[in-house]
Amino acid sequence: MSYEILTIPCLADNYTFLLHDNATGTTALIDAPEAAPVLAALKAKGWTLDMVLLTHHHWDHVDGLPALLEHYSPTVVGAAKDADRLPKLDITLNEGDEFAVGDLKGRVIDVSGHTINHIAFAFEGAVFTGDSLFALGCGRVFEGTMDMMHESLQKLAVLPPETMVYSGHEYTLGNAKFSLTVEPDNAALQVRVKDVERLRAAGIPTVPSLLSLELATNPFLRAKDAAEFAKIRTAKDNF
Ligand SMILES: [Zn+2]
């Protein structure tokens, strides 16, 4: 597998990503917060938009799609179970389903919690997590239960540790400050927080992040059970 992934900042703090299969030239966008930065990136790279993969139905992940459809005719892919509240889907997928972006093989992971039927897209070496797992954080539990979100994060935790995590928002600085209140003595976390502060001061994205680093420093991923996760998530909601 040979691919290139572009990280594109959108709106106030969203990220979208272009996944380009080098073998076939096929390009997929993961979520569509807004069109203009995506159109500019496609033009700069000389790529065509062939697919759009949607993680969940929130407006800041789908509202850019209509304007993209004025320029390209991508295959739109999303969760079968959420088809009624996602934009019109050409391919519907369920947990465990495999799909292809050119020669790249992807797999669907149901990561419900932030929303029900939120999905992640896992490829060799890269996972697109939307608003489930963030760098040093996780999405707010709006529709699911704490148990459900904990279970979803643990599905991501067992991916190969060298996997890069492409998450949907730049929330890392706030997450870092909170994480230190949970694990003030975690040396790996202390080092990472310094790195995050330096990157953000320079305006550099902290996404993607390495899964092994999340496993060492992300308190939401490190919670030993659903009860501990719930305690940490509730504390973050009130932070
Ligand atoms: Zn969301």
Side-chain angles (χ1 to χ4, degrees), residues 7-19 28-35 37-38 52-68 76-89 92-95 106 108-122 126-157 165-176 178-179 205-209 214 218-221 229-230 232-239:
T7 298
I8 305 170
C10 289
L11 304 175
D13 54 28
N14 281 78
Y15 287 121
T16 184
F17 308 96
L18 283 170
L19 168 65
L29 179 75
I30 293 82
D31 285 339
E34 66 175 321
V38 175
V52 177
L53 313 180
L54 299 173
T55 63
H56 68 297
H57 75 282
H58 283 160
W59 70 271
D60 61 323
H61 294 257
V62 302
D63 273 9
L65 187 59
L68 291 170
V76 181
V77 179
K81 289 180 181 168
D82 236 6
D84 57 343
R85 56 181 188 172
L86 285 165
K88 187 179 172 298
L89 301 175
T92 58
L93 296 171
N94 289 295
E95 162 100 322
V108 173
I109 305 174
D110 185 313
V111 288
S112 291
H114 175 71
T115 65
I116 304 285
N117 302 319
H118 187 310
I119 56 176
F121 301 100
V127 63
F128 297 90
T129 59
D131 290 357
S132 58
L133 177 62
F134 289 134
L136 282 175
C138 76
R140 238 174 225 265
V141 180
F142 284 128
E143 295 180 3
T145 63
M146 294 290 188
D147 280 22
M148 191 185 280
M149 188 61 150
H150 176 254
E151 190 187 324
S152 293
L153 294 182
Q154 289 309 310
K155 290 182 199 171
L156 298 171
V165 179
Y166 292 83
S167 50
H169 287 272
E170 180 62 61
Y171 289 159
T172 318
L173 197 55
N175 290 340
F178 172 75
S179 297
T206 60
V207 174
S209 58
E214 297 304 330
N218 184 324
F220 301 93
L221 211 48
F229 170 80
I232 295 170
R233 184 60 259 180
T234 303
K236 176 66 164 64
D237 291 347
N238 299 311
F239 184 64

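Along the sequence shown, residues are numbered consecutively beginning with 1. Indexing begins at 1, ligand by ligand and atom by atom, following the structure's order.
The shortest non-hydrogen separation linking Glu34 to Leu11 is OE2-N, 2.7 Å. The two residues Ala135 and Thr206 make their nearest non-hydrogen contact at CB-O, 4.4 Å. Nearest heavy atoms, Asp13 versus His169: OD1-ND1, 3.0 Å.
Nearby protein atoms of type N, O or S around the Zn ion (ligand 1) amount to 4 (distance under 2.8 Å).
Residues satisfying the side-chain contact (heavy atoms from CB on, under 4.5 Å) test with Ser152, not counting sequence neighbours, are Val111.
Using bins of under 30°, 30° to 60° and over 60° for the plane-to-plane angle, the ring pair Tyr166/Phe17 lands in the perpendicular bin.
Residues Glu170 and Pro9 are not in side-chain contact: their nearest non-hydrogen atoms beyond the backbone lie 4.5 Å or more apart.
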